[in-house]
Protein chains: 2
Amino acid sequence: MGIANLAFDRKSCGSCPIRHRAVCARCNDEELAELETMKTYRSYEAGQPVAWAGDPLEFVASVVVGVATLSQTMEDGRTQMVGLLLPSDFLGRPGRDRVAFDVTAVTDLTLCCFRRKPFEEFMARTPHVSQRLLEMTLDELDAAREWMLILGRKTAREKIASMISIIARREAAMQKKAATDGFGFELPLTREAMANYLGLTLETVSRQISALRRDGVIALEGNRRVHIPSFEALLHETGDDSDGGMPA
Amino acid sequence: MGIANLAFDRKSCGSCPIRHRAVCARCNDEELAELETMKTYRSYEAGQPVAWAGDPLEFVASVVVGVATLSQTMEDGRTQMVGLLLPSDFLGRPGRDRVAFDVTAVTDLTLCCFRRKPFEEFMARTPHVSQRLLEMTLDELDAAREWMLILGRKTAREKIASMISIIARREAAMQKKAATDGFGFELPLTREAMANYLGLTLETVSRQISALRRDGVIALEGNRRVHIPSFEALLHETGDDSDGGMPA
DNA sequence: CGATATTTTGATCACCGTCAAAAACCGTGG
DNA sequence: CCACGGTTTTTGACGGTGATCAAAATATCG
């Protein structure tokens, strides 16, 4: 399995696909030039670990291409995903030198890594970077809190519908399309990863996806590709406020 | 039911009980003086709402005394708590004028409120404040992620044990004691609020608390006061790593 | 095409939710 | 101090949702 070939210039931040959404979104040319001195790209194959909880991590990073997960595992093997990192999301925590959670590449993954110390110093004297990181962290906290409602209170069917709707919206946003009826996209997760995302078993995930397909809420092309005939119908299945209003 | 009498000088930040832990922790005297021009205290009785999801909120605030919750409610009444705000925790989000979640005082509560606009301007030109807020937000995100493991993967008994251990630790930290064997404290939540915290019903909460009492893991004095004869035994019941090591 | 991983489907069971009622607790006032 | 009403908590009986164990079917990749 090969590593995705990257269609951007690794030297210059100007051509970076996440240039205007990542932690460096508001940097000027001079600041980018400084960042370029401390950055390196790293790539991981789908399924490979990036770091284990408790490991020292000598870098922080932005996801450039691909999808990574944060997860926790209990002694007896029960696993819960606690974060889903898509392109432009930030990995690592300034001021802490160890990872708190297991980090795994679930698709082929490219990270733009900054050496920790220089980056922290850069942040300290570049307030708009830490302000941008604050914004991103607050967004992640809001997302985590929506996720908590899903984990704590929704039925298996509602969980699946919610996950599909969340991924569809993010996917549409990434392509700068609206998530209109008929929208189709690829699920970046295996059934097992979905189960770990939703606090279910993979069997239950499979059953509920089949049920939603039987009921015409979604259509499948192969195992990974999903079409949404009617977003309204899908939203109805999530159990959320009917008027399409996003809770957060 | 009366509002708690406050044993601190409402004018001067110097005597504030959360002075060195809140968002203003690293402010100097001059900065505090400026904050004092934009702050007001507000008090709420136990059980009263502070704000509803979607409401415009003209202030951000620090919790000074008491406990508040953030929660989401579905159309059919299912409720999930998604945040527990203790003294020094921050409420509200700079750059957003509406609350994303229902905010409720669960004990008598005192907030130190800052008018939004002046506070945002203050933050923009005082980098260490937004850096402090970033730190606090990252801590909250870590806590939310531990909470997600509890919601998604733990059994009812493990959930109760985890909640008791979390509250015990925070309570001990607040009193600057270690959480030693025999430690006793007050649960600031009703059984129903605990159920909303843990994604359970209040009946299940009650049954599991009774079971832990029967098994000698906890001792109760009345309904709210808890004693922990052995922290190791309690930790064992949480399902977390046995070696007392905190997961995050 | 064959080997391995992933997904689906089936049968059974346990945990926790639901509905219902009793008990304990709490503040108020006689 | 005790009687009273309302709230909170406990306990009980039962059923359903999702977990578990098992095996078949499908997809993926060498």
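So you know, we letter chains A, B, ... as the sequences are listed, proteins then strands, and number each from 1.
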Next on the checklist: Can you see whether A:R169 engages A:S165 through a side-chain donor-acceptor pair at a distance of less than 3.5 angstrom?
Outcome noted: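 Distance-only check passes for A:R169 and A:S165.
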Item to check | Footprint string (nucleotides 8-21 of chain C, 5' to 3'): B base within contact, S backbone only, - free, heavy atoms under 4.0 Å | outcome: BBBB----SSBB--
Whole angstroms only, please: what is the [atom1]-[atom2] distance between [X] and [N]?
{"X": "A:N196", "N": "D:dA19", "atom1": "CG", "atom2": "P", "answer": "12 Å"}
{"X": "A:K159", "N": "D:dA19", "atom1": "NZ", "atom2": "C1'", "answer": "12 Å"}
{"X": "A:L187", "N": "D:dA27", "atom1": "CG", "atom2": "C1'", "answer": "16 Å"}
{"X": "A:M194", "N": "C:dT7", "atom1": "CE", "atom2": "C1'", "answer": "10 Å"}
{"X": "A:E192", "N": "D:dA27", "atom1": "CD", "atom2": "P", "answer": "19 Å"}
{"X": "B:R225", "N": "C:dC25", "atom1": "CZ", "atom2": "P", "answer": "16 Å"}
{"X": "A:D108", "N": "D:dC29", "atom1": "CG", "atom2": "C1'", "answer": "15 Å"}

N/O donor-acceptor pairs under 3.5 Å from side chains in residues 193-206 of chain A, not counting sequence neighbours:
from, atom 1, to, atom 2, distance (Å)
A:N196, OD1, B:R153, NH2, 3.1
A:T201, OG1, A:T204, N, 3.3
A:T201, OG1, A:T204, OG1, 3.1

Partner set under side-chain hydrogen bond (donor to acceptor under 3.5 Å, both in side chains) for [X], not counting sequence neighbours:
{"X": "A:T190", "answer": "none"}
{"X": "B:E192", "answer": "none"}
{"X": "A:T79", "answer": "A:T73"}
{"X": "A:R78", "answer": "A:D76, B:E158"}

Checklist entry - Is the shortest distance from a Lys or Arg side-chain nitrogen in A:E140 or A:R93 to a carboxylate oxygen in the other one below 4.0 Å? => result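 So A:E140 does not pair with A:R93 through a salt bridge.
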Checklist entry - Which residues pass the side-chain contact (heavy atoms from CB on, under 4.5 Å) test with B:D215, sequence neighbours left out? => result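 So B:D215 forms a side-chain contact (heavy atoms from CB on, under 4.5 Å) with B:R157, B:V217.
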Item to check | With B:S162 via side-chain contact (heavy atoms from CB on, under 4.5 Å) - residues at least two apart | outcome: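 Only B:I150, B:K154, B:T238 meet the side-chain contact (heavy atoms from CB on, under 4.5 Å) criterion with B:S162.
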Report, one pair per line, the protein and nucleotides 4-7 of chain D atoms (nitrogen or oxygen only) whose separation is under 3.5 Å.
none

Checklist entry - Does anything in residues 69-88 of chain A pair up under ring-ring contact (aromatic ring centres under 6.0 Å, His included), and if so which pairs, sequence neighbours excluded? => result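 Passing the test, one end in residues 69-88 of chain A: no pairs.
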Item to check | Partners meeting ring pair (Phe, Tyr, Trp, His ring centres under 6.0 Å) with A:F183 (sequence neighbours left out) | outcome: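 In terms of ring pair (Phe, Tyr, Trp, His ring centres under 6.0 Å), with neighbours along the sequence ignored, A:F183 is linked to A:F185.
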Item to check | Helical bend (five base pairs per end, nearest 10°) for the helix from C:dC1-D:dG30 to C:dG30-D:dC1 | outcome: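 End-to-end axis angle: 40°.
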